[in-house]
Undergrad: 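Sending over a structure as structure tokens; questions will come in a sec.
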Amino acid sequence: MARFNNLHNWTLTPAEAVALQQQLRSEIRIEPLTRPVETIAGCDISFNKFEETVYAGIVVLQLDTLEVVEEVGVISTATFPYVPGLLSFREGPALLDAWAKLKIEPDVVMFDGQGIAHPRRIGIASHMGLFIDRPAFGCAKSVLVGKYDEPAPERGNWSPMVHYREVIGAALRTKDKVNPVYVSPGHLIDMETAIDLTLRCNGGYRIPEPTRRAHNLVNALRRGERAAD
DNA sequence: GCGACAG
DNA sequence: ATCTTGTCGC
């Protein structure tokens, strides 16, 4: 029921995908939120090694309580290969299928990957943000591009990620003495807000709740289970 | 030219 | 991403 803009078709070659990213990047808007956040969604993909079947899922949480408000899962087929810098072309289609099944339209969406912390400033969170026309940001487990100084070891500390003299995101400590996660705005949100939301989704783990729950959901779906927790 | 490289 | 046991550190 949740709708999105069909900005382009997904049948492309890697070279065409890069050209398309150059086209789309001018539409991305990094700015403060315009509405308060009540619900936040987490997305993830899972699949079996050497197989093309993809299990995609989205979990919507109430921001203040982190309780699950809705979750949807879809089984699809990946047509695009995994190429660093082109992740959205592999996972995007399935995630949009899942998005279309949502009854609730989340106020903001967290993606498992980069926002503008990308070689062409259009990682999966930015690309998906343009499609769903909603505030979106990325919270990745590793770096794609950019350098940063190690943030202080206590949860809440962060240091800017820089690429070609530009601040593209933040290495954020979500848990004491544990490797940071890499947060970057995707679309219709700014870095400070993305950092704040990530910290507010604390469940005691390195990975924030939206993404962690979505990860559990898609893995349960892939293994043919019923419950995700 | 060589290495790095979200999930 | 996925395949997997034990193991080092707090």
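Convention: sequence-line order gives letters A, B, ...; per-chain numbering from 1. On a predicted model such as this, the values are computed, not experimentally measured, just so you know.
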Undergrad: Taking only Watson-Crick and G-U wobble pairs with both distances under 3.5 Å, what dot-bracket line describes DNA chain C, where [ ] shows pairs that cross earlier ones and | shows pairs with another strand?
TA: ..........
Undergrad: Would you say A:Trp99's side chain and A:Arg3's backbone share a donor-acceptor pair under 3.5 angstrom?
TA: yes
Undergrad: Taking DNA chain B as the partner, which of residues 85-96 of chain A come within under 4.0 angstrom of it by heavy atom?
TA: A:Gly85, A:Leu86, A:Leu87, A:Glu91
Undergrad: Measure from CE on A:Met110 to C1' on B:dA6 and round the result to the nearest Å.
TA: 15 Å
Undergrad: Using OP1 and OP2 only, check whether a side-chain N or O of A:Tyr182 sits under 4.0 Å from B:dA6.
TA: no
Undergrad: Distance alone, cut at 3.5 Å: any donor-acceptor contact between the side chains of A:Asn216 and A:Arg213?
TA: no
Undergrad: Could you pull out every donor-acceptor pair under 3.5 Å between side chains of residues 106-115 of chain A and any protein atom, sequence neighbours left out?
TA:
residue	atom	partner	partner atom	Å
A:Asp107	OD1	A:Arg35	NH2	2.7
A:Asp107	OD2	A:Glu38	N	2.8
A:Asp107	OD2	A:Thr39	N	3.0
A:Asp107	OD2	A:Thr39	OG1	3.4
A:Asp112	OD1	A:Lys141	NZ	3.0
A:Asp112	OD2	A:Lys141	NZ	3.2
A:Gln114	NE2	A:Ser142	O	2.9

Undergrad: Applying ring-ring contact (aromatic ring centres under 6.0 Å, His included), which residue pairs with at least one partner in residues 11-68 of chain A are found, sequence neighbours left out?
TA: none
Undergrad: Taking A:Arg29 for its side chain and A:Leu188 for its backbone only, find out whether a donor-acceptor pair lies under 3.5 Å.
TA: no
Undergrad: Does anything in residues 192-218 of chain A pair up under ring-ring contact (aromatic ring centres under 6.0 Å, His included), and if so which pairs, sequence neighbours excluded?
TA: none
Undergrad: Within the side chain of A:Arg206, is there an N or O that forms a donor-acceptor pair under 3.5 Å with the backbone of A:Pro180?
TA: yes
Undergrad: Any side-chain to backbone donor/acceptor pair from A:Arg173 onto A:Ala152? Under 3.5 Å, distance only.
TA: yes
Undergrad: Can you tell me the distance, in whole Å, between the CZ atom of A:Phe80 and the C1' atom of C:dA1?
TA: 16 Å
Undergrad: Let's go through A:Ile40 and A:Cys201 carefully: what are the C-alpha distance in whole Å and the side-chain angles of both, what is the deciding distance for side-chain contact (heavy atoms from CB on, under 4.5 Å) to 0.1 Å, and is it a yes or a no?
TA: CA-CA 9 Å; A:Ile40 182 168; A:Cys201 289; 3.8 Å; yes
Undergrad: Would you say A:Leu86 and A:Leu144 are hydrophobically clustered, going by side-chain heavy atoms of ILVMFWY under 4.5 Å?
TA: no
Undergrad: Crowded around A:Asp149 CG? As in, over 12 foreign heavy atoms under 6.0 Å?
TA: no
Undergrad: What residue pairs, at least two apart or across chains, pass salt bridge (charged side-chain N to carboxylate O under 4.0 Å, His left out) with a residue in residues 154-168 of chain A?
TA: A:Arg121-A:Glu166
Undergrad: Distance check: side-chain N/O of A:Arg222 vs OP1/OP2 of C:dA1, anything under 4.0 Å?
TA: no
Undergrad: Would you tell me if any nitrogen or oxygen in the side chain of A:Asn219 comes within less than 4.0 Å of OP1 or OP2 on C:dT2?
TA: yes
Undergrad: Judged by atom type as modelled, is there a donor-acceptor pair below 3.5 Å linking the side chain of A:Lys101 to the main-chain atoms of A:Gly73?
TA: yes
Undergrad: Going 5' to 3' through nucleotides 4-10 of chain C, assign each nucleotide B (protein heavy atom under 4.0 Å from a base atom), S (under 4.0 Å only from sugar-phosphate atoms) or - (no protein heavy atom that close).
TA: ------S
Undergrad: Parallel, tilted or perpendicular: which describes the rings of A:His127 and A:His8, with under 30° parallel and over 60° perpendicular?
TA: tilted
Undergrad: Side-chain polar contacts of residues 10-25 of chain A - donor-acceptor pairs under 3.5 angstrom, sequence neighbours left out - could you list them?
TA:
residue	atom	partner	partner atom	Å
A:Thr13	OG1	A:Glu16	N	3.1
A:Thr13	OG1	A:Glu16	OE1	3.4
A:Glu16	OE1	A:Thr13	N	2.9
A:Gln21	OE1	A:Arg120	NE	2.6
A:Gln21	OE1	A:Arg120	NH2	2.8
A:Gln21	NE2	A:Gly85	O	3.0
A:Arg25	NE	A:Arg120	O	3.4

Undergrad: Any chance you could lay out the salt bridge (charged side-chain N to carboxylate O under 4.0 Å, His left out) test for A:Glu105 and A:Arg134, step after step, and finish with the verdict?
TA: CA-CA 9 Å; A:Glu105 291 242 358; A:Arg134 286 224 170 257; 3.0 Å; yes
Undergrad: Expected output is a numbered-order residue list: members of residues 116-147 of chain A with a heavy atom under 4.0 Å from any atom of DNA chain B. What is it?
TA: A:His118, A:Gly123, A:Ile124, A:Ala140, A:Lys141, A:Ser142, A:Val143, A:Leu144
Undergrad: Any chance you could lay out the side-chain contact (heavy atoms from CB on, under 4.5 Å) test for A:Ile28 and A:Leu130, step after step, and finish with the verdict?
TA: CA-CA 7 Å; A:Ile28 295 168; A:Leu130 289 174; 4.0 Å; yes
Undergrad: Go through residues 44-54 of chain A and report each residue with a non-hydrogen atom lying under 4.0 Å from DNA chain C, sorted by number.
TA: A:Ser46, A:Phe47, A:Lys49
Undergrad: Check whether the aromatic ring of A:Tyr82 stacks on the base of C:dA1, taking stacking as ring centres less than 5.5 Å apart and planes within 30° of each other.
TA: no
Undergrad: In dot-bracket form, 5' to 3', how is DNA chain B paired? Count Watson-Crick and G-U wobble pairs only if both distances fall under 3.5 Å, and write | where the partner sits on another strand.
TA: .......
Undergrad: Considering only residues two or more places apart or on different chains, which pairs with a residue in residues 169-195 of chain A satisfy ring-ring contact (aromatic ring centres under 6.0 Å, His included)?
TA: A:Tyr148-A:Tyr182
